[in-house]
Engineer: 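Just dropping this structure here.
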Protein chains: 2
Amino acid sequence: MANYRINKVTLDNVAQLANVSKVTVSRAFSQPEKVNQTTLKRILDAAEKVGYVVNTAARNLRAKSSKTIGIVTPDLSNPFFSHLAKFMTEEAHQNGYDTLIFDSYESIHNEQNIIDKLIGYGVDAIILAVVSSEISYNPPYFKQLKILGIPVILLDRHIPDSPFSGVYIDNIDCGIQVGRYLVNQKVKKVTIISGPKDSLVAQERVSGIKMILENYTNIETIFADFLMNEAYLATVEHLKKANIPDYFVGCNNQISLGIIKACIEKGLMPQKDFCLFSIDEVSHANIYGFKFPCIVSDLNEIAWQAINMALRRINEELSTIGNVVVRGQLQI
Amino acid sequence: MANYRINKVTLDNVAQLANVSKVTVSRAFSQPEKVNQTTLKRILDAAEKVGYVVNTAARNLRAKSSKTIGIVTPDLSNPFFSHLAKFMTEEAHQNGYDTLIFDSYESIHNEQNIIDKLIGYGVDAIILAVVSSEISYNPPYFKQLKILGIPVILLDRHIPDSPFSGVYIDNIDCGIQVGRYLVNQKVKKVTIISGPKDSLVAQERVSGIKMILENYTNIETIFADFLMNEAYLATVEHLKKANIPDYFVGCNNQISLGIIKACIEKGLMPQKDFCLFSIDEVSHANIYGFKFPCIVSDLNEIAWQAINMALRRINEELSTIGNVVVRGQLQI
DNA sequence: CTGAAAGCGCTAACAT
DNA sequence: ATGTTAGCGCTTTCAG
């Protein structure tokens, strides 16, 4: 009933075949420059012949660093996160680190398990886009990670009271840019669909918009969730009760999709019958021939900042908790 | 310069705090039923207090099974794969297994490294959607995995000469269903955009279509790639030279997107000015108010088959190499 | 139900 | 440039 892996290949096997001690074989794989060229070749040949691969478990148990960074996001099928994950992986590779990427599928329970797993795998740092965007989110593992001294970089979703550094989008600035754009368009009536009421991101984006628009415009704000379906339902409800605004504002890419779906289902044509300003690029819009003004974030920049903050903390070049805030770009 | 994790918490720490030996603590986490209720509670409390998490590296080094299945796909931002990954993870969890999910980003080089990593982590099985769909794909790690005796389940992309089992879509049947639909529509002229010429999936889907249509219809087949941009470019070229066919056939979801993009860019309206039949659901079409006839695969079924095939191989209930073929459903 | 001893495969520190 | 020794944190015998 059990799975004893039939053939285990270890350093010893390779060592025998290559007529060296296993330490030398070990070096051949971790510090090849310290091994004689001829010996090295003999070892690598032997290793290939028997199909040897370094046993990560054993290595991590002994080595000081696993050279691995854990990445956790709530939804890898959201391009915002999947692209970030890709860019971070590339940046990590360039610095000699691997990544271990997990999707918490928006579940707190999964998130906790994943964090435990990552700790168990001995990652050197964790980059974490948290499930919840509640301002007061404070899951048990926060304390745990703090105790263990594992560097944590929060991504995208800011939690003010957490003991960790983070890389965030400048949400108020996003809002301000949205507001300015709408002022230029001389809009009279705006409907904002945003994330949960208790999410800082949701609040900040809305308050940025209101800073600019408050006195000029009739604004309705709906706090729904950063998910397509919630935004869709909120928009459907809204359209039943109210007239079509001059502009909808979708506070992230999923919300924008929900708004579009609801409007199109009602027979409203984008640009003709309704206008939308999106925070984040609207997925697939260009494919289907639509174009919406939006604020786009430089995902490459965010990824670079996150990985490099992680590396600096790992190497203890950075002791204080600090945040990096990346501004979005208006794209018309 | 180095990252000595400041506070390591081990079995010993918990053992001291709970006044038991470390073996008992170990049992508390791996076979809690073998530990006295009272003792168990004391141990778990102690563990929580100091933030203890099982060290996976150490566990995997000693244990016979890591209770982990590795999953590798070429593109997690493709919903086909990201949903499969999600369903497989759920199914694995229900059987007491974790998953380790990697994205090879369509690179052979990454793929090889990921396989090495997975072997190194001691996964019990690997479910692999290969980068290439070349019929004769035969990377070095095939042999290696065979030597090591690690169960491998190929996913979606069939490689006839490989020594592994797999779960596949019935591609010829897909094609036949497409063909029948088009016959019913009494089409005269069809343009098929498919994957690479040397891909079995691409070939089978096309040949299925042709089995039904050959004698009735004017068919043009373009072998491009299973990627949006290649399909887009192929369609753009095609539209320069030829008239609009009665139907385009997109041989996977990415290709369908490419066709749509090219047509819409040329000012052609879906359903009005051009028709498309897609193998795979067309991502986001419903959001933007479009509906294309398509063949959809039951991803839940595929995921279930893949995980259960893996489990049966792990438990040696299954010794021969066999394949499971899942049929797609027509959706109008 | 609990414990003592051994060792998984690897690498750091110290030889040589 | 290579080898020797010790031990990472855990689980698996085997004893009690």
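Proteins come first, then strands; the chains are lettered A, B, ... in the order of their sequence lines, and each starts at number 1.
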Engineer: Please determine, by modelled atom types, if B:Gln305 and B:Glu301 share a side-chain donor-acceptor pair under 3.5 angstrom.
Structural biologist: yes

Engineer: Measure from CG on A:Leu61 to P on C:dC10 and round the result to the nearest Å.
Structural biologist: 12 Å

Engineer: Using whole Å, report how far CG of A:Asn13 lies from C1' of C:dC8.
Structural biologist: 14 Å

Engineer: A side-chain contact here means heavy atoms from C-beta on lying under 4.5 Å apart; do A:His93 and A:Thr89 qualify?
Structural biologist: yes

Engineer: Would you mind reading off the distance between A:Leu11 atom CG and D:dT2 atom C1', rounded to a whole angstrom?
Structural biologist: 15 Å

Engineer: Can you measure A:Asn36 atom CG to D:dG3 atom P for me and round it to whole angstrom units?
Structural biologist: 11 Å

Engineer: Which residues, if any, of residues 43-57 of chain A bring a heavy atom under 4.0 Å of DNA chain C?
Structural biologist: A:Tyr52, A:Asn55

Engineer: Tell me the closest heavy-atom pair linking A:Val123 and A:Ile150, and the distance in Å.
Structural biologist: O-CG2, 4.4 Å

Engineer: What is the distance, rounded to the nearest whole Å, between atom CD of A:Gln31 and atom P of D:dA1?
Structural biologist: 12 Å

Engineer: Check whether any side-chain nitrogen or oxygen of B:Ser26 sits under 4.0 Å from OP1 or OP2 of D:dC10, and answer yes or no.
Structural biologist: no

Engineer: In whole Å, what is the span from the CD atom of A:Glu33 to the C1' atom of D:dT2?
Structural biologist: 15 Å

Engineer: Over how many whole Å does the gap from A:Lys34 atom NZ to D:dT2 atom P extend?
Structural biologist: 13 Å

Engineer: Is there a donor-acceptor pair under 3.5 Å between the side chain of B:Asp124 and the backbone N or O of B:Ile314?
Structural biologist: no

Engineer: Is it the case that A:Thr10 and A:Asp12 place a side-chain donor and acceptor less than 3.5 Å from each other?
Structural biologist: no

Engineer: Counting N and O atoms only, with roles assigned by atom type, does the side chain of A:Arg313 sit under 3.5 Å from a partner on the main chain of A:Val152, one being a donor and the other an acceptor?
Structural biologist: no

Engineer: Check nucleotides 3-7 of chain C against the protein and report each pair of N or O atoms closer than 3.5 Å, with its distance, or say if there are none.
Structural biologist:
from	atom 1	to	atom 2	distance (Å)
C:dG3	OP2	B:Ser21	N	3.0
C:dG3	OP2	B:Ser21	OG	3.1
C:dG3	OP2	B:Thr24	OG1	2.6
C:dG3	N7	B:Arg27	NH1	3.4
C:dG3	O6	B:Arg27	NH2	2.3
C:dG7	N2	B:Arg62	NE	2.2
C:dG7	N3	B:Arg62	NE	3.0

Engineer: So does B:Asn60 get a backbone contact from the side chain of B:Ser66, meaning a donor-acceptor N/O pair under 3.5 Å?
Structural biologist: no

Engineer: Please give me the minimum heavy-atom distance between A:Lys67 and A:Gly96, naming the atom from each residue.
Structural biologist: CD-O, 3.6 Å

Engineer: Could you tell me whether B:Asp45 and B:Lys41 make a salt bridge, using a distance below 4.0 angstrom between a side-chain N and a carboxylate O?
Structural biologist: yes

Engineer: Calculate the interatomic distance between B:Lys64 atom NZ and C:dC8 atom C1'; express it in whole Å.
Structural biologist: 13 Å

